[in-house]
Each structure stands twice: as structure tokens, then as C-alpha cells.
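Everything on this sheet refers to the single structure shown next.
Order of the sequence lines fixes the chain letters, A, B, ..., with proteins taken first and strands second; residue numbering starts at 1 for each chain. Note that the structure is predicted; figures quoted are calculated from it, not measured.
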Amino acid sequence: DAGVIQSPRHEVTEMGQEVTLRCKPISGHNSLFWYRQTMMRGLELLIYFNNNVPIDDSGMPEDRFSAKMPNASFSTLKIQPSEPRDSAVYFCASSLTTSGINEQFFGPGTRLTVL
Amino acid sequence: AQSVTQLDSHVSVSEGTPVLLRCNYSSSYSPSLFWYVQHPNKGLQLLLKYTSAATLVKGINGFEAEFKKSETSFHLTKPSAHMSDAAEYFCVVRGGSGYSTLTFGKGTMLLVSP
């Protein structure tokens, strides 16, 4: 399996622009997570989906952030409008959530820079 | 609520010497605990996980961790460091079941000198 795929790997944009980050989870996994990593705050969970349904979005910073999962093989995280403080590495992770304990598999991340 | 505290932000060792990365946890439930490693400009990779079976857990690349409930600790060790071990390590706790989320520690940067 190719693992979790994220695109783009790097994004540089100007303040006010819309940014869309994409994620393809591991085939067969039913849970998908979006994280943000910064030096100041470390790794933060933004939102997670189970069977394509958003379960907990309490980590989403504000209304400028939105996430969708239209099907089991694709998710997007959108920031509109973007601000310099959104600069971070955004990770997508997936897992197969069953009654057992299931680790999350992480993608390589998207490094976002907002100028 | 669950939380983890990684006691050292940086640990420096020489190649061939033992590694100890410390982690304390707090959990309302019987916890599931993980260690992840992140190499520069890479995603996170699972090193090992504790799921209430054996308290000494062996992971990849010679790492292991011991769950000590009385001390609420889950320290990561390796007998002999290798240059390729230089990375950031995250202690992670998950409580509950099914849809529970992961709570990450702040990370410990491991530096390995020749």
C-alpha cells in the first residue's frame, strides 16, 4: 500500500487566498484525522471523521477552516481566507477503527506558508 | 481527560550509548499508549504501542518501552543509540474506545553525536 497520500507537499500563498489541502487515506481505513503541527503548539487534532462523517471538529480553529470527506478515499481541508498564523505543517492520518486499539498512520504532511 | 508530559524537550547522547526518553501520562481510563517518531521533514511513524497486554513493549529499530502504572510512566529506551535514531519522539495517549482521539506530548528531540 502507498500509505496516506497528501498533496501538495508544500504550499506558499499570500494572506487572504484560499488554500485547499488534500488527503487520500489508506484503502480500507474508516477513520481519518487532520492535525496541525507548529513549534509553539505542537501537534493539534483539528477534526476527525469516521465512515466519512465528521465526529469531532472541536479542534478547528475558527470558521475559516472547513473539512470535508465526500467519500472513503478522499478528504480536503480548506482555509478561506488564509492568514500568516495558519502557517504550519498539516498532517492527515488514517486508521481502521474497530473494537481493538488501532494506530493511526500518518501522511508526509503539507507544509503551508502564508505570507 | 488524558494528557502526556514528556519530561525533556531535548536529549543528547553519543552513538553506542543508551537512550532514555521519559514520558508520564494521565488518563481517566485504562490507557493505550504509543510512541511515534518523526524524522526531519517526514510524517510520524509508529514505534510501538501498549494495549494492556505485556507491560514491556518492543518496537521497531530496537526500541522498547515499559508501562508502569504505579508511576504513570511509559519511558522509551534503547540499549545503543545509532546516528539514524536522531529524530523527534512523541509520547501519545489514548483513552476510551473506538472513536477516541490521540493526545500528543510536546515531543523530545533526540540528538546523537558520533
Seminar exercise, completed: Bottom line for Leu44(B): the part with an atom under 4.5 Å from chain A's heavy atoms is both

Problem set entry | Within one Ile-Leu-Val-Met-Phe-Trp-Tyr cluster: Leu46(A) and Leu43(A), side-chain cutoff 4.5 Å | no

Seminar exercise, completed: Gln38(B) and Phe91(A) have their tightest heavy-atom pair at NE2-CZ, 3.1 Å

Problem set entry | Connected via hydrophobic side-chain network under 4.5 Å: Ile5(A) and Phe105(A) | no

Problem set entry | Matching residue for Leu102(B) among Tyr48(A), Tyr35(A), Phe33(A) - test: side-chain contact (heavy atoms from CB on, under 4.5 Å) | Tyr35(A)

Seminar exercise, completed: Checked Arg111(A), Gln6(A), Gln37(A), Arg9(A) vs chain B; the most non-hydrogen pairs under 4.5 Å come from Gln37(A)

Problem set entry | Between CG on residue Leu46(B) and OG on residue Ser95(A), distance to nearest 0.5 Å | 11.5 Å

Exercise. Among residues 65-74 of chain A, which residues come closer than 4.5 Å to chain B, judged by heavy atom distances?
Worked result: none

Problem set entry | All pairs passing ring pair (Phe, Tyr, Trp, His ring centres under 6.0 Å) where residues 6-28 of chain A contributes a residue, at least two apart | none

Exercise. Are Leu56(B) and Leu21(B) joined in one hydrophobic group, where the rule is that I, L, V, M, F, W and Y side chains link up if heavy atoms are under 4.5 Å apart?
Worked result: no

For this session: Report the residues that fulfil side-chain contact (heavy atoms from CB on, under 4.5 Å) with Pro79(B), sequence neighbours left out, ordered by chain and then residue number.
Result: none

Problem set entry | Cluster link Trp34(A) to Val4(A), ILVMFWY, side chain under 4.5 Å | no

Problem set entry | Under 3.5 Å donor-acceptor, Tyr36(B) side chain and Phe106(A) backbone | no

Problem set entry | Check: Phe34(B) and Glu103(A) side chains under 4.5 Å, non-hydrogen atoms | yes

Seminar exercise, completed: Within residues 103-114 of chain B, contacts to chain A at heavy-atom distances under 4.5 Å involve Phe104(B), Lys106(B)

For this session: Can you establish whether the number of heavy atoms outside Glu15(B) located under 6.0 Å from its atom CD is more than 12?
Result: yes

Exercise. Do Leu21(A) and Ile26(A) belong together in a cluster built from hydrophobic side chains that touch within less than 4.5 Å?
Worked result: no

